[in-house]
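Note sheet for the following structure.
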Amino acid sequence: MSSIQPVRGTHDLIGEEQRRQARVVSTARHIAGLYGFDEWSTPIFEETRVFSRSLGDTSDVVSKEMYSFNDRDGESLTLRPEGTAAICRALVTNALTQSLPQKVFYTGPMFRHERPQKGRYRQFHQIGAELLGAAEPLADAEVIALGYGVLEALGVADYVTLELNTLGDAASRDAWRQALVAYFSAQSDKLSEDSRVRLEKNPLRILDSKDAGDRDLVANAPMMEKFLTPEARTFWDELRQKLDLFGIAYTVNPAIVRGLDYYNHTTFEFVTNRLGSQGTVLAGGRYDGLVKQMGGPDVPAIGWAAGVERLAMLLETAPQAPRSVVLIPVGSPDEKAVCQILQALRQQGVRTEIGYKGSLRKRMERAGKQNASHVLFLGEDELARGVFRVKSMETGLETEVATEALLSDARSIFAE
RNA sequence: GCGGACGUAGCUCAGCUGGUAGAGCGCCGGUUUGUGGUACCGGUGGUCGCGGGUUCAAGUCCCGUCGUUCGCCCCA
């Protein structure tokens, strides 16, 4: 066993694992396109303040999980722990606040120094969608519909449920937060140790505590509903109505409060019970203040991110490896003819390989192992007669095909 | 960051109460001359995660460390 290992929480993506993740990404990219979202790519590292400012200083992501370092110029940089902040930064830097709305799809690696677990890695991958510059509930509904559409296209929608909540606008949220703090402070002796810390840092998080004692307290805690301003209530009502119009089923869960500071109004999570404690598969919400925080104008926005590894694990069937047509020279036919036919097939869009070294038996064996769809035999005899022997590895049947036909009509010859 | 479990060939694992490692699969080659997935034969393969300690002797006991995994925490 080699002593050089990949860094803790990182993995090489090879074979089936690579194919599963690629399937997730390409499917999401396609569905996002149907909704009119364009793909952006932002740098993998940013100035640290892009994240520290936006995610909230007290969030664990900022306070203890970021890969931050000083570069050779002494500037503090950070490997992106999530995608939304950078998209907002890019919106501002590229002056796209002039042409709203912008509908953005992105994908790529993210980095968080967490304790690795299944479905939770230090370098992991996300897909995400952001709709910047639309304030109406219809936008929220459409963004959620896009998320659902991706899950549906991946064939995992059945294992997943949508949980929905509202945090209201700033005024609602502040009032609610104060009420929660007052409520929990009055009986902080009954709270779990973890939740006493949350009371200081992020009281909303107490609501989704798993501690049994906490849950009893939470059951009687003041609910967001009561603190909604009339505007926030209208928004919340409309959102649910639009979701109905899109035919998206959901359950309201007051505990969906999200971890990052920038959310307001809509929050949602698509969750599954198939991945143990890492059950959140796609989640997001509205973040109307973030673009302004990034130094831009007041741009309302809504979006979500999803974990590629988690979705890849949920895929029911693994994408198949592509099958090749393998050319096996018999004896020593003219090399020029061999190379020409290889290139001609590739130009016609047929995945073609040549069987290297070994006896004919060996090469056949290898073609079988790599699951080739067909084998092409070319010997001096065939070359002289202007034909190939084409063997279907599926049926074992072997036919003679004129070289001309291969040069002009290869795809139909190899179509199953 | 906290607590538990685990860590033997590429893979799945066996190795009793301590005496310097085994199987199956895989991989490589062969069963003569132009044909796979079957069969047969032969071969390759491990400083038992790593580092200490106890012992005449450790894969087997103890400590530490790294990694994986489960729960917590956090979050996608």
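Chain letters run A, B, ... following the sequence lines, proteins first and then strands; every chain starts at 1.
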- [ ] Using whole Å, report how far CZ of Arg120(A) lies from P of rU68(B).
- [x] 12 Å
Task: Plane angle bin for Tyr121(A) and His11(A) - parallel if under 30°, tilted between 30 and 60°, otherwise perpendicular - done: perpendicular
Open item on the list: Output the rounded distance in Å from OH (Tyr356(A)) to C1' (rG36(B)).
Closed with: 19 Å
Task: Near-parallel close stack of Phe377(A) and rG34(B) base (under 5.5 Å, under 30°) - done: no
Open item on the list: Give me the distance, rounded to whole Å, that separates rG53(B) from rG15(B) when you measure between the P atoms they each carry.
Closed with: 29 Å
TODO: Mind checking Arg363(A) for me? I need base, sugar-phosphate or nothing, with any heavy atom below 4.0 Å counting as a touch.
DONE: nothing
Task: Minimum-distance nucleotide to Lys369(A) side chain [options: rC28(B), rG34(B), rG29(B)] - done: rC28(B)
Task: Among rC73(B), rU68(B), rG36(B), the one nearest Met364(A) by side-chain distance - done: rG36(B)
Task: Any pair counted as salt bridge (Lys or Arg N to Asp or Glu O under 4.0 Å), so long as it reaches residues 374-390 of chain A, sequence neighbours left out - done: Asp381(A)-Arg385(A), Arg385(A)-Glu400(A), Arg389(A)-Glu398(A), Arg389(A)-Glu400(A)
- [ ] Can you figure out which of rC75(B), rC70(B), rA76(B) approaches the side chain of Arg205(A) most closely?
- [x] rC75(B)
Open item on the list: Ignoring hydrogens, what is the shortest heavy-atom contact between Glu136(A) and Phe235(A)? Give both atom names and the distance.
Closed with: C-CE1, 4.2 Å
Check nucleotides 37-42 of chain B against the protein and report each pair of N or O atoms closer than 3.5 Å, with its distance, or say if there are none.
residue : atom : partner   : partner atom : Å
rG37(B) : N2   : Met393(A) : O            : 3.3
rA39(B) : N6   : Arg361(A) : NH2          : 3.2

Task: Listed partners of Thr78(A) passing side chain to side chain donor-acceptor pair (under 3.5 Å), at least two apart - done: Thr48(A), Ser68(A)
Task: Distance-only donor-acceptor test, Arg115(A) side-chain atoms vs rG71(B) base atoms, 3.5 Å - done: no
